[in-house]
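Just so it is clear: chains get the letters A, B, ... in the order the sequence lines come, proteins before strands, and each one is counted from 1. Since we're looking at a predicted model, the values are computed, not measured.
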2 protein chains.
Amino acid sequence: MTGAARASSTTRDIARAAVRAELGQVAFELFCREGFDKVTVDELAAAAGVSRSTFLRYFGTKEDAVLAAFDGHDRRLADAVRARPAGEDDWTALRHALDTVIERYHRDPSGALATMRLVRDTPALWARHLEKQHRWGPALAGALAERAGSTGPATLAQSVRAAAALDCLNVALDHWTASDGRLDLVVLLDEAFAALAAR
Amino acid sequence: MTGAARASSTTRDIARAAVRAELGQVAFELFCREGFDKVTVDELAAAAGVSRSTFLRYFGTKEDAVLAAFDGHDRRLADAVRARPAGEDDWTALRHALDTVIERYHRDPSGALATMRLVRDTPALWARHLEKQHRWGPALAGALAERAGSTGPATLAQSVRAAAALDCLNVALDHWTASDGRLDLVVLLDEAFAALAAR
DNA sequence: GTCGTAGATGAAACTCGGTGTCACGCTAGT
DNA sequence: ACTAGCGTGACACCGAGTTTCATCTACGAC
C-alpha cells in the first residue's frame with residue numbers, strides 16, 4: 001500500500017542516503033589516490049563492497065560520485081538570494097548569498113581543497129561540473145527576478161549578473177586553491193566583486 | 001627531405017584540413033537530423049565514406065566533430081584584445097574584442113543558430129563546450145595582462161573581467177538563440193555589458 | 001504468524017565510445 | 001625504379017553505461 005506514500009519518506013530513504021554517502025566517500029578516496037580515470041567502476045564497487053550494478057544505480061555515472069558533493073548548491077544559493085532584504089541591489093545580494101556556499105570551504109578546507117583539485121585536474125569531471133554549475137545561473141537569476149517582484153523569467157541583466165557572480169566564485173576558488181587554501185576566500189571574493197565594479 | 005619540415009606545410013595539410021571539414025559537415029548534418037546520441041561513430045564514418053578508425057583519427061571524440069567549429073576562437077579573441085589601443089580600459093577592450101567572434105554569427109546566422117541549438121540541447125556537447133570555452137578565460141586574461149604591460153600571470157581582477165565578458169557573450173547568445181536570431185546580437189551584447197556596469 | 005508485494009541487490013548480456021596495433025597502399029622525394 | 005613515410009582500414013581490446021532478469025529482504029495486510 002500505499003496510499004499516502006509520497007513526501008518525507010522513511011527508513012528506506014535514510015538508509016539510501018547513508019549508503020550513497022558511503023559510496024561517494026570510498027570513491028572519492030580511491031580517485032584521489034589513484035586518479036579518476038585509473039579507477040574502474042568495478043574497482044569502486046569492490047572497494048565499497050557492492051556490485052557494479054548497485055554502484056551505478058546510486059550514481060548514474062562515475063563523475064556523479066564526485067560531483068554529488070555539489071548537489072543542492074544551486075538551491076541554497078537561490079534561497080540565500082531570496083532571503084536578502086528587498087531593497088538591496090543585485091550585487092550585494094549575490095555577494096552575500098555566496099557566503100552560504102563558501103561556508104563549506106571554511107568548515108572543511110582540506111576536504112574542499114582535495115575535491116577542487118580532483119575536479120579541476122580531471123577534464124571529464126571539470127566539464128561535467130561546469131555544465132552543472134552553469135545551471136545555477138538561471139536559478140540565481142530567477143531568484144533575483146523574484147526579489148525584484150517579477151513573476152516572469154529573469155531579464156538579460158539579471159542573467160549576466162548571476163553568471164558574473166558565479167565567475168567571481170570560481171576565480172576566487174582558483175586563487176584559493178593555488179594558494180593551498182592559505183589565502184582568505186572572503187577576501188578573494190570581495191576582491192573579485194570589486195574587479196567587476198571598477199571601470 | 002626533411003630538414004626544413006615545420007611550418008607552412010603542403011598539399012598534405014591542405015588535404016587533411018579539407019577532409020576534416022568535410023567530415024565535420026557530414027557529422028553535423030547527421031547530428032541535426034537524428035540527434036547527437038542517436039548517431040554512432042560507425043554511422044558517421046559510413047555516411048562520410050571513411051572507416052571508423054579514420055573518423056576517430058580526425059576527431060578524437062564525437063563531440064570534437066561539432067566543437068571543432070569553435071577552435072581558434074580563444075586565439076582570435078586574445079589577439080583582438082591585444083590589438084586594442086593601450087590606454088583603453090579592460091571592459092571596452094573586451095567588448096570590442098567580442099565583435100571578432102560574433103562576426104561569424106552575422107555571416108552565417110542560420111548555421112550558427114543550428115550549431116548553438118545542437119550544442120545547447122546535448123548535455124555531452126554542452127559540457128565539453130563549456131570546458132573548452134572556460135579555457136578562453138585565462139587566454140583572455142593573459143591578453144589583458146600583456147596590454148597592461150605585465151609580464152607575469154593575469155591578476156585576479158583581469159581573470160574576473162575576462163570571465164564576465166565571456167558570460168556576456170553566452171547570455172547574449174542565449175537570448176539571440178531564443179529569439180531565433182531575430183534580435184540583434186550587437187545590441188544584446190551591449191545590453192549585457194551594461195548590466196555589469198550598473199550598480 | 002503467514003502471506004504477498006515492493007524495493008534493493010547482484011549477475012550477465014549488450015551497445016557504444018575510445019585506444020592501440022598492425023598490415024597495406026599510395027605518394028613524394030631520392 | 002626504390003623506398004621511406006603517411007594515411008587508411010581492419011581488428012582486438014577496455015571500460016562506461018543500459019537493460020533485463022532472478023533473488024532476497026523487509027514491511028504491511030490479513
Assign B:Glu63 to base, sugar-phosphate, or nothing according to its heavy-atom contacts below 4.0 angstrom with the strands shown.
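Since only primed, P, OP1 and OP2 atoms lie under 4.0 Å of B:Glu63, the category is sugar-phosphate.
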Would you mind telling me which of C:dT19, D:dG17, C:dC16 lies closest to the side-chain atoms of B:Leu56?
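The answer is C:dT19.
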Just the rounded figure in Å: distance from [atom2] of [N] to [atom1] of [X].
X       : N      : atom1 : atom2 : answer
A:Lys38 : D:dA16 : NZ    : C1'   : 18 Å
A:Phe31 : D:dG15 : CZ    : C1'   : 13 Å
B:Glu22 : D:dT8  : CD    : P     : 13 Å
A:Lys62 : C:dG17 : NZ    : P     : 18 Å
A:Asp37 : D:dG17 : CG    : P     : 12 Å

Which residues share a salt bridge (Lys or Arg N to Asp or Glu O under 4.0 Å) with [X], sequence neighbours left out:
X        : value
A:Asp184 : none
A:Arg20  : A:Asp71
B:Arg57  : none

Cut-off 3.5 Å, no hydrogens considered: what does the side-chain donor-acceptor table look like for residues 94-105 of chain B, sequence neighbours left out?
residue	atom	partner	partner atom	Å
B:Arg95	NE	B:Asp190	OD1	2.7
B:Arg95	NH1	B:Asp99	OD1	3.0
B:Arg95	NH2	B:Asp190	OD1	3.1
B:His96	ND1	B:Arg84	NH2	3.3
B:His96	ND1	B:Thr92	O	3.0
B:Thr100	OG1	B:Ala97	O	2.9
B:Glu103	OE1	B:Arg107	NH1	2.8
B:Glu103	OE2	B:Arg107	NH1	2.9

Show the atom names and distances, to 0.1 Å, of all donor-acceptor pairs under 3.5 Å that link a side chain in residues 116-131 of chain A to residues at least two apart or in another chain.
residue	atom	partner	partner atom	Å
A:Arg117	NH2	A:Thr177	O	3.0
A:Arg117	NH2	A:Asp180	OD1	2.5
A:Arg120	NH1	A:Asp174	OD1	3.2
A:Arg120	NH2	A:Asp174	OD1	2.0
A:Arg120	NH2	A:Asp174	OD2	3.1
A:Thr122	OG1	A:Leu118	O	2.8
A:Arg128	NH1	A:Glu131	OE1	3.0
A:Arg128	NH2	A:Asp64	OD1	3.1
A:Glu131	OE2	A:Arg135	NH1	3.2

Between B:Lys62 and B:Phe36, is NZ or CZ placed under 6.0 angstrom from the six-membered ring centre and within 45° of the ring axis?
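Pair B:Lys62/B:Phe36 counts as cation-pi.
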If the sugar-phosphate is the primed atoms plus P, OP1 and OP2 and the base is the rest, what is the B/S/- string for nucleotides 7-14 of chain C, using protein heavy atoms under 4.0 Å?
SSBBBB--
